[in-house]
Amino acid sequence: MTEDQSDTADQLTLRLTGVAHGGHMVSRSPEGRVVFVRHGAPGELVRVRLTDRGEDAKFWRGDVVEVLEASEGRRGEHPWAAADAVSAAREERLPVGGAEFGHLTLEAQRELKRSVVAEQLDHLAGIDWRGQVAAVEDETSDGTGWRTRLHLDVAEDGTAGMYPHRSNELIPITDMPLATPVIQSLAPWELSVPGASRLDVAAPANGSRPLLHVSLRARQDPDALAELRRHLAAWGSEHEVSVTAQSPEDREIQTWVGEPVVRETLDMPAGEPLTWRVSPTGFWQIHRSAPSTLVDAVLAAAQMGPGDTVWDLYSGAGLFTAAAAPLVGPDGQVFAVEGSPVTSADARVNLSELDHVRVTRGDVARILTGRNPARRRHGASRGHKRPAVRAPQPDIVILDPPRSGAAKEVLAAIDAVEPRTIVYVACDPAALGRDLGRLSRRGWKVVNIRAFDLYPNTHHVEAVAVLRRNE
């Protein structure tokens with residue numbers, strides 16, 4: 001076939017020209033309209049099924065359904081058949097989300113991620129970044145077996161599955177190769193869980209007891225709920241898995257069998273291993289090697305020592321807080337701020353024995369500035385002032401914000417206290433570029449950026465940036 005192959009109302013033959021942020025390749029329709037395409041690679045000639053094609057839309061979206069001319073980086077076989085767009089098209093189904101780069105070799109994936117990071121940093125921060133996206137040391141040859149957390153949605157009949165990208169059609173799955181062998185052996189997708197809306201599985205990388213958390217549908221029949229509890233408690237006991245559950249009507253998490261938390265650990269070069277408890281709805285890094293990779297990168301960047309004061313913003317369960325505490329010692333301080341009530345409660349428990357660590361729960365911007373986010377009252381928008389939490393003067397600020405990045409008020413507050421070093425951990429290149437640009441305009445110098453492939457077979461990438469004012 002050639003580029004002259006006849007197009008239809010919902011399919012086009014396109015030459016892909018580059019990669020865009022968000023896991024898409026870029027192309028143009030014969031009329032010149034931009035088309036963002038998933039499951040392709042730059043340079044390929046592909047047949048694309050359009051998924052969004054409004055006549056007035058600024059751009060269209062589509063999925064590759066046939067490869068006419070493949071790139072050198074395309075694999076012979078996708079590591080997860082359910083996510084393979086080309087085979088899904090042949091079988092007249094949609095590919096599930098979660099492995100949108102799985103059709104490419106790991107080297108090709110990392111080159112695309114490098115290109116996206118570089119483009120976002122250049123466009124949004126004026127930074128000429130020439131680094132690479134590094135693999136973790138123990139990565140498998142095909143980038144599978146790394147997920148220690150897995151989320152499954154549940155249909156009305158109790159069948160668990162996953163959604164395709166931008167689709168409401170739940171697809172039952174029979175395996176999940178990106179998950180760790182522990183999760184694969186449990187095969188939670190094979191469970192029938194009528195009355196549930198979602199399943200979340202956590203399997204700590206240290207081999208300790210996994211946990212299955214069940215999000216229940218509203219207004220459950222008591223007898224049906226009791227039967228589900230008996231069924232999952234028996235399954236949990238048989239597989240040595242803790243099982244917890246929560247209904248929309250009740251904030252309290254029920255423990256159906258085992259423990260209501262998982263235990264994560266991290267070996268440190270010096271001293272005892274660090275330990276964290278993580279609640280069923282709390283946050284922890286997904287890749288089995290992400291905690292060690294990121295802690296090593298953050299500590300190397302921060303260069304903290306005895307007596308230093310550290311802010312750990314968006315601190316989660318206390319990963320970086322716990323790692324920093326022994327380095328600053330009892331003469332130093334660590335001030336941790338986390339907005340999630342559940343995750344902040346975990347941090348308080350995890351760090352309770354460290355007198356020089358202070359955990360504060362609340363919106364990071366409000367904690368640092370004393371101002372609530374604006375609210376609308378009777379058609380007016382205004383900010384509400386509250387006394388700011390008294391934070392110690394920091395030498396080092398570590399921040400690991402959500403995908404949307406840090407609020408402008410947070411960056412301004414950090415700048416105002418003039419720390420020696422800022423270490424910014426980012427899971428989104430666009431947010432990283434925007435925020436580094438804002439800090440650069442305030443006089444901060446970006447001295448190093450490292451990128452890590454902590455999400456193989458997906459478009460996601462993690463980065464750690466170091467900023468100092470006087471370099």
Side-chain angles (χ1 to χ4, degrees), residues 1 3-71 73-75 78 80-104 108-109 111-113 115-117 119-120 123-124 151 153 161-171 173 403-404 427-431 433-434 455 457-461:
M1 295 186 182
E3 291 182 72
D4 296 328
Q5 179 178 352
S6 298
D7 294 336
T8 64
D10 62 352
Q11 288 197 8
L12 296 175
T13 302
L14 299 173
R15 179 73 67 178
L16 307 179
T17 58
V19 61
H21 176 253
H24 301 84
M25 305 303 135
V26 182
S27 186
R28 286 189 179 272
S29 71
E31 298 79 19
R33 190 191 306 268
V34 173
V35 184
F36 290 113
V37 179
R38 291 171 71 84
H39 310 289
E44 290 190 328
L45 181 67
V46 294
R47 192 73 174 164
V48 174
R49 178 180 61 85
L50 297 174
T51 56
D52 290 305
R53 58 178 304 275
E55 290 299 325
D56 297 328
K58 293 182 179 179
F59 55 84
W60 288 351
R61 298 177 186 271
D63 291 341
V64 171
V65 294
E66 185 180 2
V67 180
L68 308 178
E69 296 178 14
S71 71
R74 184 172 283 271
R75 281 170 162 162
H78 199 292
W80 185 19
D84 183 359
V86 175
S87 63
R90 288 196 298 264
E91 297 165 9
E92 298 184 344
R93 61 174 176 81
L94 295 174
V96 298
E100 61 278 358
F101 275 9
H103 59 287
L104 302 173
Q109 293 178 33
E111 173 55 26
L112 292 183
K113 296 178 185 184
S115 177
V116 169
V117 173
E119 192 278 331
Q120 294 297 313
H123 175 65
L124 296 169
H151 158 69
D153 288 290
M162 302 182 72
Y163 286 107
H165 179 65
R166 295 171 63 87
S167 172
N168 294 322
E169 179 185 348
L170 187 66
I171 306 295
I173 61 173
R403 197 169 301 282
S404 57
C427 58
D428 184 87
R434 181 201 65 203
Y455 309 91
N457 294 306
T458 81
H459 74 275
H460 298 291
V461 59

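The structure presented is a predicted model; accordingly, all values stated were derived computationally and were not measured.
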Margin query: I'd like to know if the side chain of Arg47 pairs up with that of Thr13 as donor and acceptor (distance under 3.5 Å, no hydrogens or angles considered).
Written below: yes
Next item on the list: Using only heavy-atom distances, determine whether the side chains of Asp428 and His21 contain a donor-acceptor pair under 3.5 Å.
Entry: yes
Notebook entry, point to check: Distance-only, no hydrogens or angles: does the Lys113 side chain make a donor-acceptor pair with backbone N or O of Thr458 under 3.5 Å?
Noted result: yes
Checklist line | Approximate separation, where rounding is to 0.5 Å, of Leu12 CG and Arg33 CZ | finding: 10.0 Å
Checklist line | Rounded distance [0.5 Å steps], CZ in Arg61 versus CZ in Arg53 | finding: 15.5 Å
Check: Is Glu44 salt-bridged to Arg15, going by a charged N under 4.0 Å from an acidic O?
Finding: no
Notebook entry, point to check: Among Val19, Val117, Val461, which one satisfies side chain to side chain contact (heavy atoms under 4.5 Å, CB included) with Leu112?
Noted result: Val19
Margin query: Would you say Arg38 and His103 are linked by a side-chain donor-acceptor pair, where the criterion is simply a distance under 3.5 Å?
Written below: no
Check: Would Val86 and Glu66 satisfy side chain to side chain contact (heavy atoms under 4.5 Å, CB included), going step by step from the backbone distance to the final call?
Finding: CA-CA 6 Å; Val86 175; Glu66 185 180 2; 5.7 Å; no
Notebook entry, point to check: Below 4.5 Å, heavy atoms only, C-beta onward: do Val48 and Gln11 meet side chain to side chain?
Noted result: no
Checklist line | Any donor-acceptor N/O pair, Arg75 side chain to Leu104 backbone, under 3.5 Å | finding: yes
Checklist line | Main-chain N/O of Gly43 paired to Ser71 side chain as donor or acceptor, under 3.5 Å | finding: no
Note to self: Could you report the tightest heavy-atom contact between Leu16 and Gly40, atom names first, then the distance?
What the structure shows: CD1-CA, 3.7 Å
Next item on the list: Ignoring hydrogens and angles, tell me if any N or O in the side chain of Gln109 forms a donor-acceptor pair with the backbone of Asn457 under 3.5 Å.
Entry: yes
Check: Got a donor-acceptor contact below 3.5 angstrom from the Arg403 side chain to the Cys427 backbone?
Finding: yes
Next item on the list: To the nearest 0.5 angstrom, please state how far the CG atom of Asp63 sits from the CG atom of Leu94.
Entry: 7.5 Å
Check: Checking Glu100 side chain against His459 main chain: does a donor-acceptor pair fall under 3.5 Å?
Finding: yes
Checklist line | Shortest non-hydrogen separation from Met25 to Pro42 and the atoms involved | finding: SD-CD, 3.6 Å
Next item on the list: For side chain to side chain contact (heavy atoms under 4.5 Å, CB included), just list the numbers for Val96 and Tyr163, CA-CA rounded to whole Å, side-chain angles, deciding distance to a tenth of an Å, and then say yes or no.
Entry: CA-CA 6 Å; Val96 298; Tyr163 286 107; over 6 Å; no
Margin query: Counting C-beta onward and ignoring hydrogens, is there a side-chain heavy-atom pair between Gln120 and Ser115 closer than 4.5 Å?
Written below: no
Checklist line | Heavy-atom pair of closest approach, residues His39 and Pro95 | finding: NE2-CG, 4.0 Å
Checklist line | Trp60 side chain vs Gly54 backbone, donor-acceptor pair below 3.5 Å | finding: yes
Notebook entry, point to check: Is the closest side-chain heavy-atom distance between Phe59 and Val35 below 4.5 Å?
Noted result: no
Notebook entry, point to check: Between His78 and Ala99, which heavy-atom pair has the shortest distance, and what is it?
Noted result: NE2-O, 3.5 Å
Notebook entry, point to check: From Trp80 CH2 over to Ile173 CD1, what is the distance, rounded to the nearest 0.5 angstrom?
Noted result: 5.0 Å
Note to self: Side chains of Ser167 and Glu169 only: does a donor on one sit below 3.5 Å from an acceptor on the other?
What the structure shows: no
Next item on the list: Find the distance between CZ (Arg28) and CG (Leu14) and round it off to the nearest 0.5 Å.
Entry: 11.5 Å
Next item on the list: Starting at CD1 of Ile171, measure out to CG of Asp153 and round the result to the nearest 0.5 Å.
Entry: 12.0 Å
